[in-house]
Student: 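Pasting a structure here, questions to come.
In what follows, chains are A, B, ... by sequence order, proteins preceding strands, each numbered from 1. The structure displayed is predicted, hence computed values, not measured ones. Because only heavy atoms are used, hydrogens play no part in the values below, and waters and symmetry mates are left out as well, while side chains stay in.
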Amino acid sequence: MEKREDKLKEVISHAKEYGYVFPSSEIYDGLAATYDYGQLGAELKKNIKDYWWTAMVQMHEEIVGIDAAIFMHPKTWKASGHVDAFNDPLIDNKDSKKRYRADVLVEEFIEKYRDKIKKEVEKGRKRFGADFDEVQFLATNPNVKRSQEKIDDLEDRLSKILGADNLEGLKAMIEELNIVCPISGTSNWTDVRQFNLMFATELGSVAGDASTIYLRPETAQGIFVNFLNVQKSGRMKIPFGIAQIGKAFRNEIVARQFIFRMREFEQMEMQYFVRPGEELTWYGYWKDKRIKWHKALGLGEEYYRYHDHIKLAHYANAAADIEFDFPMGFKELEGIHSRTDFDLRKHEEFSGKKMQFFDPELNKNYIPYVIETSVGLDRMFLAVLSASLKNETLEDGSERSVLSLPPALAPYKVAVMPLTRKDGLPEKAREIMNELKFEFNCQYDEKDSPGKRYRRQDAIGTPYCVMVDHQTLEDNTVTIRDRDTMLQDRVKVDELHSIIEGKVSLKNLLKLG
RNA sequence: GCGGGCGUAGCUCAGGGGUAGAGCAUAACCUUGCCAAGGUUAGGGUCGUGAGUUCGAAUCUCAUCGCCCGCUCCA
């Protein structure tokens with residue numbers, strides 16, 4: 001068993017060498033944690049999307065797909081809670097390497113004065129016994145008064161600093177108060193940095209009074225704001241779902257591990273709207289359904305596991321991840337969340353529009369509850385790529401590097417090659433390929449020995465190789481060679497289409513899901 | 001952001017103050033023709049970038065960018 005970190009490196013260099021993934025802007029030394037999908041990567045990514053979209057939209061009458069804009073009205077993010085939830089000033093202690101919320105450090109410091117007051121009160125209670133008048137004591141005791149003045153002063157300053165987003169002021173305050181790290185005990189602090197999850201930009205060409213807009217940090221809100229549009233124009237009845245594939249952006253402090261965590265990434269999300277009270281049933285349904293969809297790829301069941309959330313987000317009443325065994329260990333691949341009516345309720349509140357559904361069976365209006373399924377497309381790409389990349393030792397002791405991609409996802413479905421470059425074989429091979437290319441993405445290769453050409457196709461994951469030889473000219477048969485078994489079959493040219501179709505069709509996967 | 005490791009050809013890497021190397025890969029030709037590694041030839045790197053030290057820097061120093069690992073973060 002090779003070492004894990006080596007495995008990720010191997011995946012990265014294989015991805016680059018064969019045109020799956022390149023570092024972005026590489027000629028300018030790259031841009032941190034940004035990657036481009038190359039000629040084969042774009043195909044694989046597209047096939048993953050097709051698999052998802054077909055499974056969601058085409059296979060479910062009650063699910064429809066949309067494609068919402070990345071820019072959204074700023075109020076969207078007020079309503080969703082993103083504006084407030086992720087706008088924290090952070091500071092690091094250089095000695096303990098621990099990170100704190102800078103405002104919390106000051107608040108904790110202020111808390112100490114409150115503790116002092118409490119202690120004074122305790123003392124007073126002991127001294128005066130039954131005659132103790134807490135209100136009067138608080139108003140008159142000089143120690144208490146001094147502490148209270150300090151608290152008022154600090155709180156006042158803190159709120160002014162926070163209100164003005166004055167990060168330097170905040171650091172100055174921490175230094176002035178000589179606040180130390182509880183772990184290292186030192187006051188060796190970094191500057192205070194604003195951690196803002198969302199990328200901001202300005203709408204319109206005039207800066208200043210132009211409203212700040214954000215690149216969406218999740219695709220889900222594009223679905224929620226279109227809930228009424230889709231429900232009404234599509235005559236949708238609860239339960240129904242809205243699916244979407246699209247980019248989202250998060251300004252992560254640390255983006256790492258190849259394409260696993262990037263600041264620009266793509267999600268495949270489906271929000272399923274259900275009757276209140278039935279959400280946990282549907283949550284279980286989708287949890288099961290989604291892992292089956294993943295396992296249908298045939299990468300191996302041992303790669304998948306659930307991780308049920310114990311600590312739930314403010315909007316959820318149940319949540320689980322489907323985790324995948326990446327080269328760096330089990331990590332989240334897809335999230336399934338029971339989001340309650342949080343999002344639609346908030347949008348109703350902020351927009352003033354009734355985000356409700358009239359249920360004829362119950363004869364009443366309600367805000368639907370939502371089950372969300374959300375796959376990281378780039379993560380899925382990495383999962384498929386890393387689980388497929390294998391170095392096999394063959395019987396004769398030689399090695400081959402093979403990308404055993406699920407055939408339905410492979411960039412090229414078949415490579416067509418003439419045995420030699422003479423005797424009209426290339427022409428015949430072209431003729432066969434020109435027929436196949438209407439249905440399948442094909443590659444033609446006539447250079448080097450047959451064995452070498454097979455290995456090349458193995459390395460990029462092509463499931464089939466069709467070899468045109470002299471016999472082909474006589475009886476119109478070819479050999480078709482399987483990537484995984486390396487076995488060849490001689491078949492009629494007319495049969496090629498159905499043989500390949502049988503192996504690479506999405507249908508095979510969809511039936512399992 | 002902190003700490004550690006690393007950056008030389010498309011990939012994997014060697015070299016280590018005196019004007020750039022190997023294997024594989026790529027391209028051409030010859031040979032062969034069903035599971036890589038036959039022959040001949042060719043292209044490709046201002047050694048991540050910038051500065052400093054030096055007569056001279058890929059090599060030493062500093063800064064910077066990027067990658068990997070750990071910590072941290074990740075509704």
Student: Classify A:E218 by what it touches in the nucleic acid, base, sugar-phosphate, or nothing, heavy-atom distance under 4.0 Å.
Tutor: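 The answer is base, as A:E218 lies within the cut-off (heavy atoms under 4.0 Å) of a base atom.
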Student: Rounded to the nearest angstrom, tell me the gap between atom CD in A:E17 and atom P in B:G23.
Tutor: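 Value for this atom pair: 17 Å.
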Student: Round to a whole Å and report the spacing from CD1 of A:I259 to P of B:C68.
Tutor: 11 Å
Student: List in chain and number order the residues that pass ring pair (Phe, Tyr, Trp, His ring centres under 6.0 Å) with A:F258, two or more places apart in sequence or in another chain; answer none if no residue qualifies.
Tutor: A:Y35
Student: A:E10 has an atom CD; how far is it from atom C1' of B:C13, in whole Å?
Tutor: 15 Å
Student: Over how many whole Å does the gap from A:F260 atom CZ to B:C73 atom C1' extend?
Tutor: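 From A:F260 CZ to B:C73 C1': 13 Å.
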Student: Select base, sugar-phosphate, or nothing to describe what A:F258 touches, counting heavy atoms under 4.0 Å on all strands.
Tutor: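 Sugar-phosphate contact only.
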Student: One thing to verify: whether A:E348 and A:K353 come together as a salt bridge, which I'm taking to mean a side-chain N less than 4.0 angstrom from a carboxylate O.
Tutor: no
Student: Can you tell me how far C1' in B:U31 sits from the matching atom in B:C13, rounded to whole Å?
Tutor: 32 Å
Student: Would you say that A:F324 contacts A:F330 through its side chain, given a criterion of any heavy-atom pair below 4.5 Å between the two side chains?
Tutor: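 Of all side-chain heavy-atom pairs linking A:F330 with A:F324, none is under 4.5 Å.
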Student: Can you name the nearest heavy-atom pair linking A:R339 to A:A220, along with the distance?
Tutor: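 Closest approach of A:R339 to A:A220, heavy atoms only: NH1-CB, 4.1 Å.
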Student: Quick one: stems involving RNA chain B, counted as three or more successive Watson-Crick or G-U pairs, both distances short of 3.5 Å.
Tutor: B:1-7 with B:65-71, B:10-13 with B:21-24, B:26-30 with B:38-42, B:48-52 with B:60-64
Student: If you look at every strand shown and take non-hydrogen atoms under 4.0 Å, does A:Y35 touch a base, only sugar-phosphate, or nothing?
Tutor: sugar-phosphate
Student: Find the distance A:L8:CG to B:C6:C1' and express it as a whole number of Å.
Tutor: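 Rounded to the whole Å, the gap is 15 Å.
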Student: Base, sugar-phosphate or nothing for A:A220? Non-hydrogen atoms, less than 4.0 Å.
Tutor: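 A:A220: no heavy atom of the nucleic acid under 4.0 Å.
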Student: Hey, are A:E501 and A:K413 close enough for a salt bridge, meaning a charged N less than 4.0 Å from a carboxylate O?
Tutor: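 No.
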Student: In whole Å, measure the gap between the C1' atoms of B:U64 and B:C71 for me.
Tutor: 24 Å
Student: Nearest whole angstrom, please: distance from the C1' of B:G10 to the CG of A:D36.
Tutor: 17 Å
Student: Quick check for you: to the nearest 0.5 Å, what is the distance between A:M268 atom CE and A:M56 atom CE?
Tutor: 8.5 Å
Student: For atom C1', what is the distance between B:G48 and B:C67, given to the nearest Å?
Tutor: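 Per the computed distance, 11 Å lies between those C1' atoms.
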Student: For B:G5 versus B:U46, give the span between their C1' atoms, rounded off to a whole number of Å.
Tutor: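 27 Å, rounded to whole Å.
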Student: Using whole Å, report how far NZ of A:K331 lies from C1' of B:G70.
Tutor: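 Rounding to the nearest Å, NZ of A:K331 and C1' of B:G70 are 11 Å apart.
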Student: Hey, does A:N226 have a side-chain heavy atom less than 4.5 Å from the side chain of A:I242?
Tutor: no
Student: Can you check whether A:E269 reaches A:E372 side chain to side chain, under 4.5 Å on heavy atoms?
Tutor: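 A:E269 reaches A:E372 side chain to side chain.
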Student: Quick check on side-chain hydrogen bond (donor to acceptor under 3.5 Å, both in side chains): which of A:R379, A:R290, A:K287 does A:E334 satisfy it with?
Tutor: A:R290
Student: Expressed in whole Å, how much space separates the C1' atoms belonging to B:C55 and B:C68?
Tutor: 40 Å
Student: Taking only the C1' atom of each, what is the distance from B:U19 to B:C73 in whole angstrom?
Tutor: 48 Å
Student: For nucleotides 30-50 of chain B, just jot down a letter per nucleotide in 5' to 3' order: B, S or -, based on protein non-hydrogen atoms under 4.0 Å.
Tutor: ---BBBB-----------BS-
Student: Provide the closest heavy-atom pair for A:G38 versus A:F22 in the form atom of the first, atom of the second, distance.
Tutor: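 Where A:G38 meets A:F22 most closely, the heavy atoms are CA-CE1, 3.5 Å.
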Student: So, is A:K16 near the phosphate of B:C11, with a side-chain N or O under 4.0 Å from OP1 or OP2?
Tutor: yes
Student: Map A:H14 and A:A32 onto RNA chain B by nearest heavy atom, then report which one ends up closer to the 5' terminus.
Tutor: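 Of the two residues, A:H14 wins.
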Student: Hey, what do you get for CG (A:L299) to CG (A:D325), rounding to the nearest 0.5 Å?
Tutor: 11.5 Å
Student: When you compare B:U40 with B:A25, how far apart are their P atoms, in angstrom units rounded to a whole number?
Tutor: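 To the nearest whole Å, 15 Å.
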Student: Which part of the nucleic acid, if any, lies within contact of A:E26, taking any heavy atom under 4.0 Å across all strands shown: a base, the sugar-phosphate backbone alone, or nothing?
Tutor: nothing
Student: Which whole-number value in Å describes the distance from A:Y18 OH to B:U12 C1'?
Tutor: 12 Å
Student: In whole angstrom, give me the gap between the C1' atoms of B:U8 and B:G4.
Tutor: 22 Å
